[in-house]
Amino acid sequence: MRRMTWLAAAAAAAAMCWLVAAAGAAGPCRFPAVFNFGDSNSDTGGFWAAFPAQQAPFGMTYFRRPAGRASDGRLVSVGSGYRHGANFATLASTALQPNTSLFVTGISPFFLAVQLNQMRELRNKVLTSNGNNGQLPAPDVLHNALYTIDIGQNDLTSNLGSQSIETVKQSLPSVVSKISSAVQELYNIGARNIMVFNMAPIGCYPSFLTKLKHTSNDMDGYGCMKTYNSAVTYYNELLNNSLAEVRKKLQDASIVYLDKHAVTLELFRHPKAHGLKYGTKACCGYGDGAYNFNPDVYCGSSKVLNGKTVTAKACADPQNYVSWDGIHATEAANKIIASSLMSGSYSYPPFDLSKLCHLQPIA
């Protein structure tokens, strides 16, 4: 993590990810470190460190430059050097092992099992150093750290272009099983505080509203696709039930299910109630219209369409949007989501992180 910012730090240099700066000044935290595993929702630079190519307008709100995050600014996260944790999350990662190449489908090679291997390697170095390496945490930190998992969305969405939603749903139990197994693996190497995030309502995202087949009958009163959100609800129920079973076996551990879905769905449905203006319309995109998203011209890129070069540009007021680029959230939305999740109101069992850590927005 990087020093304790929001819950996301780059896999190459640091920290955790998924709880953006919701509290004010930095202060003491019950957890000496945070280790995160996930995808673009919590990747603070891992993917772009391996495949450098990110360009403006990413990072425009906070960093004023591309900073390896799939947003205009910061994520839901916490920062640090290895002494305070590490973020293994990588954009486009899946829980299951991909059966294709990054250069064919865009799915990251750093799937969950690879991230767990990276954690084991780091743990081995920590134990070998025995506290004598200033860049690594002391061995006892591993047991007392917070471990977070935010992955699985790409397992669902990456197949929707070629398979029906009913076919894709059949693979979701395997995704849940892999995540529950990861919880057990982390426990086996000493983790005792583990938080697992559920899946956001993909049926509300501008990119999927644009790309996925649906009819007007499939739209709810908030402009989201009912069929796809129903699949997400099914997945979340499977995950919650599976973690409940794991919790029974690992009774000396704190295993928390975080309902990111509920918070995000609320923002899409009622953006104005939370100080935002646009729910299912992307800030950075091309085409304007209801979604401002064109799958052929992604945020920050240019392409010749109908003989004319067009560019997907960012809006001037990302602070008013839930969606940054049609797929990811803006810094403004991330901050609201993080603040809500930290309160403990969306966790099972209840887990009020805001009382355990005073985080500072630095991720």
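Because the structure is predicted, anything quoted here is derived from the model rather than measured.
Checking Thr90 against Ser108 by side-chain atom types alone, no donor-acceptor pair falls below 3.5 Å. Side chains of Ser171 and Ser174: no donor on one and acceptor on the other come within 3.5 Å. Counted by atom type alone, Asn36 and Thr148 present one or more donor-acceptor pairs between their side chains at under 3.5 Å.
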ask   = Does the pair Phe58 and Phe63 meet the rule for a ring-ring contact (aromatic ring centres under 6.0 Å, His included), with working shown?
value = CA-CA 9 Å; Phe58 285 87; Phe63 301 97; over 10 Å; no
Handout entry: side-chain contact (heavy atoms from CB on, under 4.5 Å) assessment of Asp39 paired with Asp43
Key = CA-CA 6 Å; Asp39 51 32; Asp43 178 3; over 6 Å; no
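Tyr298 and Phe293 have perpendicular rings, their planes meeting at more than 60° on a 0 to 90° scale where under 30° would count as parallel. Taking the six-membered ring where tryptophan is involved, the planes of Phe37 and Tyr147 are essentially parallel, since the angle between them stays under 30° and well short of 60°.
A donor-acceptor pair is defined here as one N or O able to donate and one able to accept, closer than 3.5 Å; such a pair exists between the side chain of Gln251 and the backbone of Lys248. Under a 3.5 Å cut-off, the side chain of Asn292 and the backbone N or O of Lys281 do not form any donor-acceptor pair. Under a 3.5 Å cut-off, the side chain of Ser129 and the backbone N or O of Val126 do form a donor-acceptor pair. Using modelled atom types, one side-chain atom of Lys226 and one backbone atom of Asn217 make a donor-acceptor pair closer than 3.5 Å. A donor-acceptor pair is defined here as one N or O able to donate and one able to accept, closer than 3.5 Å; such a pair exists between the side chain of Asp155 and the backbone of Leu96.
In this structure, the side chains of Pro57 and Trp324 come closer than 4.5 Å at one or more pairs of heavy atoms. Side-chain atoms of Glu245 and Asn241, non-hydrogen and from C-beta on, never get closer than 4.5 Å to each other.
A distance of 11.0 Å separates CG in Asn240 from CG in Leu258, rounded to the nearest 0.5 Å. Phe35 contributes atom CZ, which lies 10.5 Å from atom CG of Leu186 (distance to the nearest 0.5 angstrom). Taking OH from Tyr346 and CD1 from Ile337, the interatomic distance works out to 11.0 Å, rounded to the nearest 0.5 Å.
More than 12 heavy atoms of other residues, nucleotides or ligands lie within 6.0 Å of CG in Asn188, so this atom counts as buried by the packing criterion.
SG atoms of Cys284 and Cys299 are separated by less than 2.5 angstrom, consistent with a disulfide link.
Within the structure, the disulfide bond (SG atoms under 2.5 Å apart) test picks out the following pairs touching residues 170-230 (sequence neighbours left out): Cys204-Cys224.
The hydrophobic cluster containing Tyr321, built from Ile/Leu/Val/Met/Phe/Trp/Tyr side-chain heavy atoms closer than 4.5 Å, also comprises Tyr278.
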